[in-house]
Amino acid sequence: MSQIGLDHPQQKSAMLNEATIRWSLWLGSKLLRGLSLLCGASFIIYATLRSAPGDMVDLILGLNGTPEMKADLRAEFGLDLNIIEGYGRWAWRALSGDLGISITFMPGEPVLSLAGPAFLVTLSIAVVSLLCSIAVAYGLAILLGPPRPRQAFLLGPIQLLNAAPSFVVAICLAKVINELIQFQLAGGGQIPPSWYPIPTYQKITDSIAPFCFAALSISLGDGLFTDLFNALRAELMSLNESLFISAVRAKGAAVRKHLIKNLIVPTLSVFTARLPLVLSAVVIVEYIFTLDGSGYLLLQAAKNRDVPVVVGVSLFFIFAVIVMNLILDLVKALVDPREVAKGD
Amino acid sequence: MTGQSTGQSTRQSTWYSTWYSTWHSAWKEQPLSFKLSSIIVVLVLCFGVINPFISYDPVLDVELSRRDLAPSWEYWMGTDGQGRSVALRLFKGIEAFFFPGLIAGLFAAFVGGVLGALCGYFGGWIGRSLSAVLELIDTLPRMVFLVLICTIFPPSILLISIISSVLFIPSIATIIRRKVEALGAEDYILAHVAHGFHPLKIISYHILWLQCRALLTRQMIFVFSYVLFIETALSYLGDYGVQEPYPSWGNMVAQSRISAVAWPWALPALAIIITIAALLAFGDGIARREEEVKR
Amino acid sequence: MSEQTLVDVQDLVIEFDTPKGRVRVVDGVSFSVSPGEVLGILGESGSGKTMSTQAILGLIGGYPGVMGGQINLNDQGVTYELLKDLPSFISERRGQPEKNERAWRKHRYAQMKKLWGRAITSIFQNPRRSLDPLMTVGQQVKESIQARESHKDALERLNDQAQTEEALEWLAKVQMVDPARVYHSYPHELSGGMCQRAMIAVALACKPSILVADEPTTGLDATVRAQIVHLLQDLIKAEQCAMLYITHDIREMLYLADRVIVMRHGKVLEQVSANDLKEHALERHEYTQVLLDAAGMIGAHDE
Amino acid sequence: MNKPLLSARNLHKVFKSPGGKQTVAIDQVDLDLYTGEVVALIGESGSGKTTLGRALLRLISLDQGQVQFLDQDLLALKGSELRQARRQFQMIFQNQQANLHPRLSVAEMMDESLVLHHPEQSAAERQSMMNTLLDQVGLSNHHDRYLASLSGGEQRRVGLARILATSPKLVVADEPTSGLDAAIKLQTIELLKTLKGESLTYLLISHDLGLVRRIADRVLVMLRGRIIEEISIQDLGMIKHHPYTQKLLEASNLGKKTDIEHTQYKNASIEDVRGHSIGCHYCSLCPLLANTPELKDLCYSQRPTLTQQVACFSLSKERELV
């Protein structure tokens, strides 16, 4: 048996080489796709801007724009060029970090310095809510096991969550918590003065509590949790009945390791499908909890018709979707070697 | 007479009686959730159709002397802070999303279905470039893009619903494409080509109509419920959707900010959840029913 | 049950609930396997042959599953009565026997835990799907060696290096062309025939006293099929392992089996030695003759 | 012999995978089918037999070659002409479910076919024609049944009835008995025989040699997109075959173990044949080379063509001498 060994150096290096080439090809194609998606999506936004009714500069500046400002804006958006060249110039400026200047919402402030920090808040809410829903869904799915009849009582409420928009969940959550706190502190019966969740806890929880509640309501609402839960359970069922799990059982080895590893990929698929929806939900939930994120910024800017800010924030969102998809793909490929094999 | 006709009843009966008998037996074996949800869907449908013919006056009737009344026989969902009947406003509020949702659903299902079937049928570069465009649309975060549109264009609920239906086309097309590709993988389409059918007939009749109608109906209902969601969300935000004093479920929920009592906003919130749940369950039920292949 | 029997099945009954009501898939099947013997179960789809063997393995999925009978499994001189506790899981409801399937399955898994791999193991019909797609083939072979070693005392256990070497050895034994490469391959990188060979390595590396082979050649090409059958025959002999071989292909059966059971509609039609089946084809049960005819074996015999 | 019903010359087909990999599916194939005969195409999966069957019926485009069906140039037909011509050649697909529509009843499906291929008939005529057809395949009471409620054999038979509705001249049957139980398999074979009559021609694609022995008149063996041997049914197993054919026959027999000269190749499966870009596909596995070492260079450098009904330098020479 000595001639067959694992540590034959030549063989090992050959296999390594092949794998590296395959991986780098795969990664390259994914990056290329992400880049082209970014270009395409930003072009859609630019084209939307160009197709605005009337003169866009008038729309943005309103009545109080000076001729210099108008000329500036024209140059920035490349309005004097045709749509392709204009997009090129606009995209180049955006790429070099110049997203324009806020006009009405916070006049004079560069959009990048407004949207950048705000977007961090949004991103952390989105990530926390995704992780939160995954943790709960995993826990419940493993606890309850594969779907069985006569679980309708338990599952009814969970399925109803599927239909609850995150902003409704957020309002209810805020109201209920408000009521609870009021009840404890003031002895009940008192009507809360505003919808803001925890006025009395302001000292400690001014920023943390709304953040947590926002994340919670996103992870519960919009069917994110339900979708994950259902996907996990269905996957658990098909895994439990799958041949290879039977085979693992029949050889007397532990099944759990195989189960957990095989559950990761479907979870990630739900993530990928849900990502745009989660980011949408963040916008409105941030608004409810007046969190200083980019969703709040977006809505405030939109209220003031501050086009550069709105466009800047949208670009951030698109960028985030593409990057997060890339990361999810990468994790998927790390877990499942088939992804790389079929990728190219 | 009955004794004689039983043997041939399936043959000679009119189309509506067969239709009725199949649906009657189908209804009986449906689960409770499907029955409940279809009742709610039918209710929404009725109100949606009737609403345009009802006048706005009682809905807008402000009377501060009867504000914040608890639910009673007269106002059986109570009244809000301005003394308007919550029940009436709730029913009238259906108008805000009904027709936009219907239009958006039909549009998205039709275009998505056709595009998906074309992508799946042709494959090759047509399929690939189409799916590239669809993937592009899918990367746009829906809410953000809608807000952008509303900033640039004068917001109207029709525009919003059309845009949201366009944003849904990719996912519908992808579902249909997968289905068509799954059919193609078992040589099903090839078998029909070999039999001599026209490709257009195969796409439109054998694939889209016979195989994908349940899926499309379900997706249509899904888009409808999404428009309901978007409309209520935007009305809740207050700047883009239906404006006060006209009722919409979204701006009724928004009263949670100012209302002293729960029912003016909690009941519409409940209505949103229940309606969306019913719509989804109804869509699922229809899809499931079609999946159970005829016996 | 005599000392000389590995598996003894008596009056096995398996039922399933379908939309059309309860269906009895296996109806009073009895057979036994002695050490070193190859027992073939011949039957077509829906004859209940797979279900009966799944029942022995304790892997039946679906409700209500096993509803009666006896299965005795012999492991190193100790006989386990696998269905002894079954009646306590069955109760009467609305005139129909109902089984607490979840509790039964749990009970059964606990019972089988020490027997799986050691006393009995199995290879399945679809080799591609019976290997974990996210793990290399070598790891999976090694896993069954680990499972086998975990039954032993700590002192007698093989170390990690030795286990890896044994896994490679097994891959060579199932005649993989390049075992070291296959060791690091994932199942999707192998052909169907190679997957089935890997699966045989996984199963036999446990050193079971009986191997259940459930149509291991279905879906493979004719030449690959022949290879797999030859390989199985050689290895079974070398490892002195009994085999329960299930197939619908009568030629394979004649080639491999010592004794053949013909099943149809959940019942055993007849039990014959392979020689009888070959030599006295025309004295067989009608249905067996149809099977022989379909395989073109009676006609050839006549001429 | 008289003029062939279908004659194909010099067919080529290469599949390109997205990664740029090329697979030769059909490689320089010539084929003649005569009216009323049953020709079996055997070979392992991946040998290109299904692709060839489909390409002959214009279901897959060819890279090169001519197909003459009666007096028409099949590859030149387009659009409605092609659809018109399709009624003369039909295909039974391997997956019997693919032949039928799961949401149409048997009667609806039959009617659909009859409307398509006999548009001139009235509804009553179609009805009676449908009844005769369904009687012919033994399914007279199955008008209102749906695919899911039919057994595998019944599904096959509905597919057959549907094909007969077009009154074809040529039927390509791709594994017509796969997945059927023994008894039903026998029935189906009998049915295929009866329906054939005098004028219908079958091209039977199968790896089931039992089936082939029962109904075929002529057997073609395919390996890697090439036809490597042509055998009449009487000669099958009686003469010295191409080593690959020999291996196929032995594998399906299982009765005796592979020859001693084969043992060193015993574990080399057909996948090992994939590598040879020049020379005979089977050269590295060929046991005949041990007897005739003088041919080695030839076998490794040139691809043998079908001479003396076999694509093997050594064998064709041997047969020439006889």
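Chain identifiers are assigned alphabetically (A, B, ...) following the order of the sequence lines, protein sequences preceding nucleic acid strands; residue numbering begins at 1 within each chain. In this text the structure is predicted, and so the values were computed from the model without any measurement.
Atom CD1 of residue I284(A) and atom CD1 of residue I230(B) lie 8.0 Å apart, to the nearest 0.5 angstrom. In this structure, CG on L136(B) lies 8.5 Å from OG on S36(A), to the nearest 0.5 angstrom. Note that CD1 of I137(B) is 11.5 Å distant from CG of L37(A), once rounded to the nearest 0.5 Å.
For the set I44(A), N325(A), V313(A), I322(A), the entry with the most heavy-atom pairs within less than 4.5 Å of chain B is I44(A). Put simply, of V283(A), V278(A), N304(A), L298(A), the one with the most heavy-atom pairs under 4.5 Å next to chain B is L298(A). With respect to chain B, the highest number of heavy-atom pairs below 4.5 Å among S166(A), A301(A), S280(A) belongs to S280(A).
Contacts between L38(A) and chain B at a heavy-atom distance below 4.5 Å are absent for every atom of the residue. Residue S171(B): no heavy atom, backbone or side chain, is found under 4.5 Å from chain A.
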Review point. What's the verdict on side chain to side chain contact (heavy atoms under 4.5 Å, CB included) for L237(B) and F167(A), showing C-alpha distance, side-chain angles and the deciding distance?
Key: CA-CA 10 Å; L237(B) 294 174; F167(A) 77 97; over 6 Å; no
Practice item. Decide yes or no on side chain to side chain contact (heavy atoms under 4.5 Å, CB included) for V168(A) and F229(B), but give the supporting numbers first. Key: CA-CA 10 Å; V168(A) 173; F229(B) 162 71; over 6 Å; no
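Using a 4.5 Å cut-off on side-chain heavy atoms (C-beta onward), C172(A) and W265(B) make contact. Residues P165(A) and I272(B) meet the side-chain proximity criterion, which asks for heavy atoms closer than 4.5 Å. Taking 4.5 Å as the limit, every side-chain heavy atom of F317(A) sits out of range of all side-chain heavy atoms of F145(B).
Across all their heavy atoms, A163(A) and A277(B) have their closest contact at CB-N, 3.1 Å.
Qualifying side chain to side chain donor-acceptor pair (under 3.5 Å) partners for S161(B), counting only residues two or more places apart in sequence or in other chains: none. A search for side chain to side chain donor-acceptor pair (under 3.5 Å) contacts involving S294(A) returns T122(A), not counting sequence neighbours.
Applying the 6.0 Å contact sphere to CZ of F43(A) captures more than 12 heavy atoms from other residues, nucleotides or ligands.
For the pairing with V310(A), the side chain to side chain contact (heavy atoms under 4.5 Å, CB included) check across L148(B), I149(B), I152(B) returns one residue only, L148(B).
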